[in-house]
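Below: one structure, written as structure tokens.
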Amino acid sequence: MVKFRFIIFALVTGFLSGCQSVSPPVAFGPTPSARQLEWHETEYYAFICLSSATYRDVEWGYGDMDPDEFQPVNFNPQQWVEVVKAAGMKGMVITAKHHDGFCLWPSKLTDYSVASSSWRNGKGDIVGDLAKEAKRAGLKFGVYLSPWDRHDLRYGSSEYIDYFRGQLTELLTWYGPIFEVWQDGANGGDGYYGGLCEQRKVDNKTYYGWDVTDSLVRELQPMACIFSDGGPDTRWCGNESGYVGDPNWAIMDISGAMPGNANGNSLQNGNPDGNRWVPAEVDVSIRPGWFYHASEDDKVKSLDHLMKIYYESVGRGANLILNAPPTKEGLIHPIDSARLVEFGQALKREFSKPLSKSGIKKVEATNERGGSSKFSARHVLDGKKDTYWATDDSVQQASMTMTLKKPERLYAIRLREPIQLGQRIESFKVEALDGSDEWQTVAEGTTIGPRRILRLPDREALALRVTIGSSRACPLLSEVQLFLPPKE
Ligand code: FUL
């Protein structure tokens, strides 16, 4: 009888403890907003730089081009969109107005725009046509509006700020959903300024009144991310060469930061002690310059260079905005478009052989939060961003091991943290086990964040171990995806 009672007791308590819910980890540090989470998904998109600089063969238009010089006679937004799609990109951002002040849309607030060109009898609208075509093709659409304006006489006065906000209002209300608003930090000085041709300096800390402008963006396009050196939604990566730092924290201290001024934060690395989620965007051109110059036709970046850029931007958890500047005629040059199509194919091929869940025999971890299956390491295989492996709060170093069904050749690995709960991991390593008993380190890194993609040395492995060396709070991983070598 005693034995029987004990069995009942054991069954009931065992059952109850199995049902006991283990509390999920609480969010750590700053976390992304809904608009930022959506932006992270956009991952890789095009920059389209077109302005008077294209027609004057310079990098910064002075602001004195006669609007009639603007003749993109073969402008075909469909061609741009097709190239962008074939490159595997998910969106595009156009220089609606660059530093030269010339507007690619028929702004009602200035005559310095496409409406004053004889191109299409003043009825042309690059921004509008592109927005429509992007929407049709399922691409996100964003706008770059240069705060610095080398054409306008009002630049430097408070009237100019009203003008700038008025232009932003047109762009954010005329052309449908906008996913990103690009605020450039450049404030060069000299310009045409209504014919005065002089130097103008503004104090960019006080002149633009960014708080008011940012509230306007929020009001008109609540899902648009604002990009600048100071966020508030996404930050410049600190260089125009195509990489973000390692570590790359999607966090910075935005107090006092603004376009042109990161206020002491490292743009390349972010700032883990910061107060806001502000992930990095890597902006780089497929050519040396941002605008089309025939002299650079033989300097279009190689496929290998673009792949390196991809691994050092997207692969380090940043977004990548890759510039493809149209020619004077309004087309993406055949050398650039061929390279972009090739790059799109190379990216598809690169990740064409993910090791499926069925190729994995077992997954074990040194610690699983509360011993609960809800936080077991198996969740790194389920392809979901809201399920994850978690450890107990007291554990900041841990390993998870995947044993494969048969030895597989390694190629690449992608890891993700569930960033809705903040960014935590500071260092990790990946080891592989082949026939022998010795684990070999095949990759190492610092931060992971929304994604970390690393190439692995070409060798066979029967098991793979991911060790979190240090983490600012209990580590969480929502994905460990292994890729096998693509077909030759
Ligand atoms: C820079 C600008 O000065 C370049 O002309 C270009 O627009 C690039 C994207 O940002 O700061």
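Atoms within each ligand, like the ligands themselves, are counted from 1 in listed order.
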Any N or O of His99 closer than 3.5 Å to N or O of ligand 1 = yes
message = Between Tyr55 and Gln71, do the side chains contain a donor N or O and an acceptor N or O under 3.5 Å apart?
response = no
request  = Answer yes or no: does an N/O atom from Glu59 fall short of 3.5 Å to an N/O atom of ligand 1?
outcome  = no
ask   = In terms of side-chain geometry, is the basic nitrogen of Arg472 or Asp273 positioned less than 4.0 Å from the acidic oxygen of its partner?
value = yes
Lys308, NZ atom: more than 12 neighbouring heavy atoms under 6.0 Å = no
query = Taking only residues at least two apart or on different chains, which pairs with a member in residues 219-274 satisfy ring-ring contact (aromatic ring centres under 6.0 Å, His included)?
reply = Trp182-Phe227
message = Using a 4.0 Å cutoff against the non-hydrogen atoms of Ala186, which atoms of ligand 1 qualify?
response = 3 (O)
query = Taking the minimum heavy-atom distance to atom 6 (C) of ligand 1, which of Trp290, Trp60, Phe291 ranks first?
reply = Trp290
Atoms of ligand 1 close to Glu240 [distance to a heavy atom under 4.0 angstrom, numbered from 1] = 1 (C), 8 (C), 10 (O), 11 (O)
inquiry  = I need the nearest protein heavy-atom contact for atom 2 (C) of ligand 1: residue, atom name and distance, please.
reply    = Asp184 OD2, 3.2 Å
request  = Quick one: look up the protein heavy atom nearest atom 5 (O) of ligand 1 and list residue, atom name and how far away it is.
outcome  = His98 NE2, 2.9 Å
key: Element-labelled atoms of ligand 1 that are located less than 4.0 Å from some non-hydrogen atom of Phe47   = 9 (C)
key: Aromatic ring proximity, centroids under 6.0 angstrom, Tyr411 and Phe483   = no
request  = Answer yes or no: is there an ion pair linking Glu342 with Arg339, defined by an N-O contact shorter than 4.0 Å?
outcome  = yes
key: Ion pair check, Arg218 and Asp233, cut-off under 4.0 Å   = yes
message = Within the 4.0 Å heavy-atom shell around Tyr144, which atoms of ligand 1 are there?
response = 7 (O)
